[in-house]
Structure formats: structure tokens, C-alpha cells
Amino acid sequence: MGFTVAIDGPAAAGKGTLARALAAHFGFGYLDTGLLYRAVGARVSEGQDPVVAAHELSDADFARDDLRSVEMGGWASQVAAIPEVRQALMTYQRDFAARPEGAVLDGRDIGTVICPDADLKLFVTASAEVRAKRRWDEIGQSMPYDDVLAQVRDRDARDMNRADAPLRPASDAQILDTSELSINDVLTQAIEAIAALRNA
Ligand code: DC
């Protein structure tokens, strides 16, 4: 049986970096589930119906180079509030999680909805200011910091307050706050937790 790691948390908390590093360390598959919602959002930004878009995703959608933009993050957050969109993306995520070599998935509802039986659940978070600063640096400080902070807060509010699969830690998730911890500290903690569980 594969080992499944569920990593949730708000935008720019460091969960993608952690997930990628853990997958590389243990030879697990890695799925950035935010990209699924971004790919749906990209189609919707071009006028397509969100539910049709979610059913029609193919590899070509993930080759777009604008998926990680701030704008697509906003579209993704809006389509992610539609229950039929979430439902359409569920089987793909669960199949990925069951990979025999092991899997790390990161997103907003992995520990609560997609993989409630994950072997390890982590909730990675940081203050809105720290996360906005990281996003601002990532985009080369190409827009005012206050605008990035406002977008981070908007997205948090939408992701946490939606009715279907809102962002929240699973009751059995370990909470990791990266406001003051370095990614290496967090990675070391997570590697130790996985190694202990696999040897148990
Ligand atoms: O992780 P990200 O910033 O790429 O995610 C983009 C949006 O997609 C996020 O604002 C909410 C949504 N999302 C979600 O609802 N559930 C997930 N498992 C992953 C992302």
C-alpha cells in the first residue's frame, strides 16, 4: 500500500515547496491540486462554463504558462466555490493519492475531503503579511505590496468561508506555522514524522 501525505493551507504558506521536497525525498508522486482549479479558472476566464471546463481538462491545460499568475489564482478561487467543479475533480485526485509508490497532495481540502484517511496530514500556515510578502517577491514586486496583501486576504476569506469544502485544518492535522520557521526546519519535522510512521 502506498503512503499518502495530505498538505493543506492558505495561499503562499509554503505548502508547495514542502510537498515537492517531501515527494522528492521519499520518491512519492506529487500533485499540486491548486493547478486543477487554476486550469478550470483559465478556461472560465476565456468564457467557458466552469462545470464543462472541469470535465474537459486535459494535459494541454497544464502546459499553459499563465496558470500561476495572481489573476488565475483569483479565477481558481471563484470556480473552487462551485460544488460541481469540486466533484468533477475528485476522482482524479483520489486516484493519484492511491499511487502504490506513495503520494503527496497539496491543496485546501486534501485532509478533510479528498483523503480523510491520509497517513499524515499537515496544515501549513503563516500570517497574511508574510504570505503576501512572499507572493510579492515571487512576482518581482511588479504591483504594489498593499494590493497583493488585499488579494491574499480576499482569497483567504473566499477559501475559508465557502460552503463546500472550506479551508480548515483536519482535526488530526499537525499545524506548521512557517511565519518564523524556515522551510528546512519544516521539512526536517515532516521527514521525521513520515519516517516514524513508516517504521511503526
Ligand atoms: O494553491 P493555489 O493558490 O494554486 O490554489 C488556487 C485556488 O484553488 C485557491 O484559492 C482555492 C482553490 N483550491 C481549492 O479550493 N482546493 C484545493 N484542493 C486546491 C486549491
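Counting starts at 1 for both ligands and their atoms, in listed order. We number each residue from 1, following the sequence as shown.
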- request: Flag the pair Arg38 and Asp32 as a salt bridge only when some basic side-chain nitrogen lies within less than 4.0 angstrom of an acidic carboxylate oxygen.
  value: no

query: Any idea which protein heavy atom is nearest atom 5 (O) of ligand 1, and the distance to it?
result: Arg108 NH2, 3.5 Å

- prompt: Tell me: protein heavy atom nearest atom 12 (C) of ligand 1, and distance?
  reply: Ala80 CB, 3.6 Å

- prompt: In the protein, which heavy atom is nearest to atom 19 (C) of ligand 1, and how far is it?
  reply: Thr33 OG1, 3.4 Å

- request: Select one of side chain, backbone, both or neither to describe which atoms of Arg155 lie under 4.0 Å from any atom of ligand 1, heavy atoms only.
  value: side chain

message: Does Glu180, at its CD atom, have more than 12 non-hydrogen atoms belonging to other residues, nucleotides or ligands within less than 6.0 Å?
response: no

statement: Honestly, for Arg38 the part within reach of ligand 1 (heavy atoms, under 4.0 Å) is side chain

query: Are the side chain of Thr178 and the backbone of Thr125 linked by a donor-acceptor contact shorter than 3.5 Å?
result: yes

query: Could a heavy atom of Arg162 be found less than 4.0 Å from some atom of ligand 1?
result: yes

message: Please identify which of these residues, Arg158, Arg108, Gln151, meets the side-chain hydrogen bond (donor to acceptor under 3.5 Å, both in side chains) condition with Ser77.
response: Arg158

Let me check something: any side-chain donor-acceptor pairs from residues 83-93 under 3.5 Å, sequence neighbours excluded? List them with distances.
residue: Arg86; atom: NH1; partner: Ala80; partner atom: O; Å: 2.8
residue: Arg86; atom: NH2; partner: Tyr37; partner atom: OH; Å: 3.3
residue: Arg86; atom: NH2; partner: Asp109; partner atom: OD1; Å: 3.4
residue: Arg86; atom: NH2; partner: Asp109; partner atom: OD2; Å: 2.9
residue: Gln93; atom: NE2; partner: Leu89; partner atom: O; Å: 3.0

- prompt: So, does Arg86 sit close enough to ligand 1 that a heavy atom of it is under 4.0 Å from the ligand?
  reply: yes

message: Taking side-chain hydrogen bond (donor to acceptor under 3.5 Å, both in side chains) as the cut-off, I'd like each qualifying pair that reaches into residues 181-194, sequence neighbours left out, listed once.
response: Ser182-Asp185

query: Short list, please: which atoms of ligand 1 are under 4.0 Å from a heavy atom of Gly107?
result: 17 (C), 18 (N), 19 (C)

- prompt: Quick one: nearest non-hydrogen protein atom to atom 8 (O) of ligand 1, plus distance?
  reply: Tyr37 CB, 3.5 Å

- prompt: Going by the order shown, which atoms of ligand 1 are within less than 4.0 Å of some heavy atom of Asp109?
  reply: 16 (N), 17 (C), 18 (N)

N-O pairing of Arg162 and Asp159 below 4.0 Å: yes

message: Closer than 4.0 Å to some heavy atom of Ala76 - which atoms of ligand 1 meet that?
response: 6 (C), 7 (C), 8 (O)

field: Carboxylate-amine/guanidinium proximity below 4.0 Å for Arg43 and Glu56
entry: yes

